[in-house]
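Report on the structure given below.
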Protein chains: 2
Amino acid sequence: MAPTRTSKPDKAAIICQALRRAIIEQALKPGTKLPEDALGERFGASRTIARHALGQLAAEGLVELRRNRIAVVATPSWQEARDTFDIRMELERLVVRQLAGQLDAGQIARLRAHVDAEEGARGGPDTVSIRLATEFHILLAEMTESPILIRYVSEISYRCCLILATFSRPHSSDCAVSEHRALIDALEAGRVDEVMNLMHHHLEAVADRALVAPAKPRGRDIMDILAPYAEPAPVAPAGQPRVRAIMR
Amino acid sequence: MAPTRTSKPDKAAIICQALRRAIIEQALKPGTKLPEDALGERFGASRTIARHALGQLAAEGLVELRRNRIAVVATPSWQEARDTFDIRMELERLVVRQLAGQLDAGQIARLRAHVDAEEGARGGPDTVSIRLATEFHILLAEMTESPILIRYVSEISYRCCLILATFSRPHSSDCAVSEHRALIDALEAGRVDEVMNLMHHHLEAVADRALVAPAKPRGRDIMDILAPYAEPAPVAPAGQPRVRAIMR
DNA sequence: CATGCTCAAACTGCATGCAATCGGAATGCC
DNA sequence: GGCATTCCGATTGCATGCAGTTTGAGCATG
C-alpha cells in the first residue's frame, strides 16, 4: 500500500527541472538556443520529450517558442521586468500575510538555516547567491501550503532570476541576507503589517538594484535596442517601448 | 515582406483554445475524462498533439495530469478556491491601478459595449453570463499591455470559472453587471483608490456568492469528502485539510 | 451475495520516421 | 564588389508504432 516512493518522475519533468536550474544559475543565458535534438540527446530522451519539456518551460515564461524556429531562453524586456517585479511584490505580500505568526519553531529554524547558507555563499559566485536567495522566497511560499501561491511565486521568482541575468550587471546584487533575517524575525513575532512592508521594500530594493538603467539592454540583441525606434511614429514622448499585446 | 497573416496557428494551440472554452462554459465539467486518443480524433490531430495541448492546459491549472492515467478536467479544492480568489484580487487591483485615468475614449467605449453584451445575456444560460463576465476582466487586463499581467489574469480568471463550476449552485451568480459599470466609471474618472476598492469588493462579492459553504463538495467525489479524514493522525485541531505540497 | 483473482482492452510513455520549413552559404547576375 | 537567387543541411511539425501500465468486466471462490 505504500505508494512506491518516487514512482517514476517523468522524463520531461526531469529535463524541465534541469533547464530551469541551468537558467536561473545563468549557465543558460537569455537568448541561448535550445534545439530539441540536442536536449533530447543530452538527457537520453527523444525529441518528443524534449519538445514537451520546452512547452512547459514556455508556459512558465522561461523560454520562448517561435513556430518553426529553435526555442531560446527568454529575454524579458525592461518593461516586462518592471511589471514582473510589481506582480511579485503583491504575491509575496500575500505569502507573508498568510504566514505571519503562523510558523512553528521547526519552520522558523529551517528558514534561519537557509539564510545561514546564503550567508555562507557570500564569497562564492553571484549565481549561487541569486539561486539561494530565490529558493528562500520559494521556501516561504511552500510554507503556505497553497498550491496556487506556491506555483505562482515559484514561477515568478524564476522569471526574476532571468531578469537579473538579463539586466543587472555582474556584481550589483549583494543579496540582502540581512533583509531576509528581518523578514524571519517579523514573521516569528507575528507582526503582519511590518512583515508585509519589509517584503515590499525588500523586493523593491532587489528590483532597484537590478533595474537601474531603463535603456541599458546589455547590448545583447540588436533587435531589442532598435525596438523603440521601430515604431512608425513615436507620438508619445519616448516613454516606454510599448510592449507586444499578447503572448500566446 | 508582409508577415503572412495568421501563418498557421499551431494545431495544439487550437485544441487548447477549444478545451479552455469548453471548460469555462462548463460543457466539460470538473472531473471529466480527457483521453488523448479521443481529443486527437475529434480535432483531426494525432495523440502527440492532443498530449501537448493537455500539457499546456495542465500548466494553466485547468486539467489534472496523473501519470499513466487519463487526464481529467481539474477539480479545485475549496481551500484552493479561496486562495485563488485572494490572488486574483491582488492581480486585478494591480490592473485597475495601472489603468485608472489612462484609458482613451475608444477603450472606455469597448468596455461599455462589452458590459452591454453582458446585460443582454441576462436571460440566457448561466454559463454564457459567466464567460462574458470573465472576458470583461480579461479585456481589462489586456488594456494594460503587460504580457505578464495579461497571462496571469487570464489564467486565474479561467480557473475561477472552473471554481464556479465546481462549487456554486446553478443560479447563484447574477453576475454583477452594475458592478462592472461602476468599475468603468471609476476608471474613466481616474479615481485610483476608488477603483481598486471597487475591484476588491466586486471580486469578494463574486467569491462569496460562489463559495458559500466550506464543506459542500457537490457530492461529486467521495475522495474529496474523505480527504480530511485520511491523515494518519490529525494532531492539529482539524482546521484545514492540509493541501498537497506541490503541483507538478 | 460479497469478495478476490485474472486477463484483455484501453490508455499512456516514449521513440522513430517523414514531410515541411527555415537559415545560411554558395552561386549567378549586374 | 554589391545584391538577389538557389539550394542543401539543420530543425521543427506531426503521425505512427511499440511497450508498459491501468482499468474494469468477467469468473471463481467462500
Side-chain angles (χ1 to χ4, degrees), chain A residues 1-19 28 31-59 62-75 220-224 226 247-248, chain B residues 1-19 28 31-59 62-75 220-223 247-248:
Chain A
M1 277 302 155
T4 41
R5 222 66 205 83
T6 65
S7 51
K8 230 182 189 184
D10 210 330
K11 269 176 162 186
I14 294 175
I15 299 185
C16 272
Q17 195 63 33
L19 286 185
L28 295 173
T32 307
K33 289 194 236 196
L34 302 170
E36 297 174 359
D37 297 331
L39 288 180
E41 191 175 356
R42 178 64 189 79
F43 288 96
S46 78
R47 277 202 315 121
T48 308
I49 304 306
R51 184 183 186 73
H52 193 74
L54 286 174
Q56 296 300 304
L57 260 7
L62 290 185
V63 318
E64 277 167 23
L65 241 40
R66 300 109 86 211
R67 190 179 173 84
N68 284 325
R69 302 280 253 283
I70 305 182
V72 295
V73 177
T75 64
R220 127 171 22 272
D221 188 4
I222 310 178
M223 291 312 292
D224 285 348
L226 293 182
M247 270 196 108
R248 112 185 36 184
Chain B
M1 277 299 160
T4 42
R5 219 71 205 81
T6 63
S7 51
K8 232 186 189 181
D10 210 328
K11 272 177 160 181
I14 293 174
I15 300 185
C16 271
Q17 195 64 30
L19 287 185
L28 294 172
T32 306
K33 289 195 240 195
L34 303 170
E36 297 173 0
D37 297 332
L39 290 180
E41 193 175 357
R42 179 67 190 75
F43 288 95
S46 78
R47 274 201 319 121
T48 309
I49 305 305
R51 183 183 187 71
H52 193 75
L54 287 175
Q56 297 300 304
L57 260 5
L62 289 185
V63 319
E64 277 167 22
L65 242 38
R66 302 109 85 213
R67 188 179 175 83
N68 285 324
R69 303 279 257 282
I70 305 181
V72 295
V73 177
T75 64
R220 125 170 26 271
D221 188 5
I222 310 176
M223 290 314 291
M247 274 196 105
R248 105 187 41 179

Please state how far atom [atom1] in [X] lies from atom [atom2] in [N], giving the value in whole angstrom units.
| X | N | atom1 | atom2 | value |
| --- | --- | --- | --- | --- |
| Arg66(A) | dA10(D) | CZ | P | 19 Å |
| Glu41(A) | dC14(C) | CD | P | 18 Å |
| Ile49(A) | dT12(D) | CD1 | P | 15 Å |
| Leu39(B) | dA10(C) | CG | P | 17 Å |
| His52(B) | dT12(D) | NE2 | P | 13 Å |
| Glu36(A) | dC22(C) | CD | C1' | 14 Å |
| Ile70(A) | dG23(C) | CD1 | P | 9 Å |
| Leu34(A) | dT12(D) | CG | C1' | 14 Å |

For this session: Taking Gln56(A) for its side chain and Gly55(B) for its backbone only, find out whether a donor-acceptor pair lies under 3.5 Å.
Result: yes
Exercise. Distance-only, no hydrogens or angles: does the Lys11(B) side chain make a donor-acceptor pair with backbone N or O of Ser46(B) under 3.5 Å?
Worked result: no
With the side chain of [X] defined as its heavy atoms from C-beta on, choose the nearest nucleotide among [options].
| X | options | answer |
| --- | --- | --- |
| Lys11(A) | dC14(D), dC14(C), dT12(C) | dC14(C) |
| Arg51(A) | dG13(C), dG13(D), dT12(C) | dG13(D) |
| Ser46(B) | dC14(D), dC14(C), dT12(D) | dC14(D) |

For this session: Starting from the 5' end of DNA chain D, give me the residue, Ala45(B) or Asp37(A), whose nearest nucleotide shows up first.
Result: Asp37(A)
Reckon [X] touches a base, only the sugar-phosphate, or nothing at all at heavy-atom distances under 4.0 Å?
| X | value |
| --- | --- |
| Ala12(A) | nothing |
| Arg47(A) | base |
| Lys33(A) | nothing |

Exercise. Looking only at heavy atoms, which two atoms of Thr75(A) and Gly31(A) are closest? And how far apart?
Worked result: CG2-N, 3.4 Å
Exercise. Reckon Arg69(B) has a side-chain N or O less than 4.0 Å from the OP1 or OP2 of dT23(D)?
Worked result: yes
Problem set entry | Arg47(A) and its side-chain contact (heavy atoms from CB on, under 4.5 Å) partner, picked from Leu54(A), Leu39(A), Asp37(A) | Asp37(A)
For this session: Mind checking the OG1-CD1 spacing from Thr32(B) to Ile70(B)? Nearest 0.5 Å is all I need.
Result: 12.0 Å
